[in-house]
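Beneath this line is the structure, given in structure tokens, with notes to follow.
Source: prediction; values computed, not measured. Proteins get letters first, then strands, A, B, ... in listed order; numbering begins at 1 in each.
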Amino acid sequence: MSSVQLGDISPIEKSIYLNQDILFLAQFFLGKFLISQVENKVCITKIVETEAYKAPHDKGSHAFDNKRTKRTEIMFHEGGVSYVYLCYGIHNMLNIVTSVQDEAHAILIRAVEPLTGIDFMKSRRKIKPIKQLANGPGKLCQALGITREHNGNPYYSAKSLIWIGDNKTISDTEIIKSPRVGIAYAEECAHWPWRFRIKDNPFTSPPAQVVYKFK
DNA sequence: GCGACGATTCGCT
DNA sequence: GCGAATCGTCGCG
């Protein structure tokens, strides 16, 4: 059985989230624990894939050009809270807001590896194969019961419904860097290698490669 | 008020 | 590989 236990995990402290280097943080969070306690169902997972979204200059970011709207407002919050939004009217997407107040940096969690609470995740997803439970941004939210109601959730407290626990850092040589997924509209920004995956981890999301045509 | 669209997923051809 | 699902958000006026 799984050797991971909730009592052995400590939250990553708030100060880490204030780091203004989002490319560092997006890689730092690889391998860390993402814990959901939604509906009193404890699920422990490991983050295996992330993407960085860095306003104001990133055309792929919802907060491009520091656009402040009701939806993006949480991205301007001080780092350490969640940004959850609905995509295509169906799927919730989970982000980690980072950096200092008024600097809208967000890290999209694209895939996690299920460790405990797997039966809860199977039940929410209505599928059996463990590899497909959370290998995509919409899938992991469904598996962990995460919705827009959890927007603004603090990650640095073990009392939160969703929080992030410390674990050993993945070395640079074990990280695959490639262009981000689903943002062809972002023009030159679409090519930036801001998608990060743990090498050889079977729980990362498709597509294996993203190819954007030049305009 | 209205229309267009999306940081995706799934099922079917 | 392709298209539908499905609805909150945003820009326009």
Atom-pair distance ([atom1] on [X]; [atom2] on [N]), nearest Å:
X	N	atom1	atom2	value
A/Y83	C/dT9	OH	C1'	9 Å
A/N135	B/dT8	CG	C1'	12 Å
A/H91	B/dT9	NE2	C1'	4 Å
A/R125	B/dT8	CZ	C1'	11 Å
A/L108	B/dT8	CG	P	8 Å
A/L86	C/dT6	CG	C1'	8 Å
A/Y88	B/dT8	OH	P	6 Å
A/R148	C/dT6	CZ	C1'	12 Å

Query raised in the report: If we only count heavy atoms from C-beta on, is the A/D58 to A/W194 side-chain gap below 4.5 Å?
Result: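 With C-beta onward as the side chain, the pair touches.
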Query raised in the report: Do A/L6 and A/V42 have side-chain heavy atoms sitting under 4.5 Å apart?
Result: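 Of all side-chain heavy-atom pairs linking A/V42 with A/L6, at least one is under 4.5 Å.
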[X] near the nucleic acid: base, sugar-phosphate alone, or nothing, with a heavy-atom cut-off under 4.0 Å?
X	value
A/G60	base
A/R195	nothing
A/I183	sugar-phosphate

**Report entry** P gap between B/dA4 and C/dA4, integer Å
**Finding:**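 It works out to 16 Å between them.
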Report task. Considering only atom C1', compute the distance from C/dG3 to B/dC5 and round it to an integer number of Å. Result ->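 My reading of the C1' atoms in C/dG3 and B/dC5 gives 16 Å.
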Report task. In sequence, state the C-alpha distance, the side-chain angles, and the governing distance for A/E39 and A/R124, and then conclude on salt bridge (charged side-chain N to carboxylate O under 4.0 Å, His left out). Result -> CA-CA 11 Å; A/E39 299 166 322; A/R124 288 189 178 115; 2.8 Å; yes
Looking at [X], I want to see if its [atom1] is surrounded by more than 12 non-hydrogen atoms of other residues, nucleotides or ligands under 6.0 Å.
X	atom1	answer
A/D8	CG	yes
A/K199	NZ	no
A/K54	NZ	no

Query raised in the report: Centroid-to-centroid, A/H105 to A/Y53, below 6.0 Å?
Result: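 Not close enough - the centres of the two rings lie 6.0 Å or further apart.
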Query raised in the report: If you check the A/K139 side chain, which of B/dG6, B/dC10, C/dC10 turns out closest?
Result: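 Selected nucleotide: B/dC10.
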Does [X] have a side-chain nitrogen or oxygen under 4.0 Å from the phosphate oxygens OP1 or OP2 of [N]?
X	N	value
A/R71	C/dG8	no
A/K70	C/dG8	no
A/K67	C/dG11	yes
A/Y185	B/dA7	yes
A/R110	B/dT8	yes

Query raised in the report: According to the 5.5 Å centroid and 30° plane-angle thresholds, does A/Y53 stack upon the nucleobase of B/dA7?
Result: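 It does: the two rings, one from A/Y53 and one from B/dA7, meet the stacking criterion.
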Query raised in the report: If pairs are Watson-Crick or G-U with both distances under 3.5 Å, what is the dot-bracket string of DNA chain B, marking crossing pairs with [ ] and pairs to another strand with |?
Result: ||||||.|||||.
Query raised in the report: Does a side-chain N-to-carboxylate-O contact under 4.0 Å join A/R180 and A/E51?
Result: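 The answer is no: the pair does not qualify as a salt bridge.
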**Report entry** Residue whose nearest DNA chain B nucleotide is more 5′ - A/G89 or A/Q132
**Finding:**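 Whichever sits nearer the 5' end wins; that is A/G89.
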